[in-house]
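Report on the structure given below.
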Amino acid sequence: MVDTDRIVGAAKEVGGKVQGAVGDLAGSNRASVEGRYREAEGRAQDIYGQAKDTLRDVADNVSDYAGDAYDRGGHYLRDGSRAVGTRVEENPFIALVIAGAVGYGLALLLHSRR
């Protein structure tokens, strides 16, 4: 999507070039200077529009990347949950010992803070 500032800026820039060239041909210093000013003003507005377009594109890409990361995170969580469930079913005693050790470690951490 092209920003309107780019279109208006390009039109001002072309108009300024024409006015400056006509001023040069006619020997009118004022018309020449005004044309150069319009040309610079149009160029600045065009650059501003380009910057807005670039930021809009970056924001769209960031949104897409965040959505993809969210989707992948859900897949990893489900896959990890299945893997842990399978290991617990295969070795319930080891899973119980690990859970007990983690619980004991958390209790020590909480007790030491008081």
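Given the structure is predicted, the values throughout are model-derived calculations rather than measurements.
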Summary of salt bridge (charged side-chain N to carboxylate O under 4.0 Å, His left out) pairs that have at least one residue in residues 76-95, sequence neighbours excluded: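 Salt bridge (charged side-chain N to carboxylate O under 4.0 Å, His left out) check on residues 76-95 returns Asp79-Arg82, Arg87-Glu90.
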Asp24 and Arg36, any side-chain heavy atoms less than 4.5 Å apart: yes
For the atom pair [atom1] ([X]) and [atom2] ([Y]), what is the distance rounded to the nearest 0.5 Å?
X	Y	atom1	atom2	answer
Glu13	Gln45	CD	CD	11.0 Å
Tyr104	Leu109	OH	CG	11.0 Å
Ile98	Asn91	CD1	CG	9.0 Å
Lys12	Asp46	NZ	CG	11.5 Å

Please report the closest heavy-atom contact between [X] and [Y], naming both atoms and the distance.
X	Y	answer
Ala31	Gly23	CB-CA, 3.9 Å
Ala95	Val88	CB-CG2, 3.8 Å
Lys52	Asp5	NZ-OD2, 2.9 Å

Donor-acceptor pair, side chain of Thr54 and main chain of Gln50, under 3.5 angstrom: yes
Sidechain N-carboxylate O distance under 4.0 Å for Glu39, Arg43: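 A salt bridge is absent here (no side-chain N lies under 4.0 Å from a carboxylate O).
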Other ILVMFWY residues reachable from Val33 by side-chain steps of under 4.5 Å: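 Once heavy-atom contacts under 4.5 Å are chained together, Val33 still belongs with nothing else.
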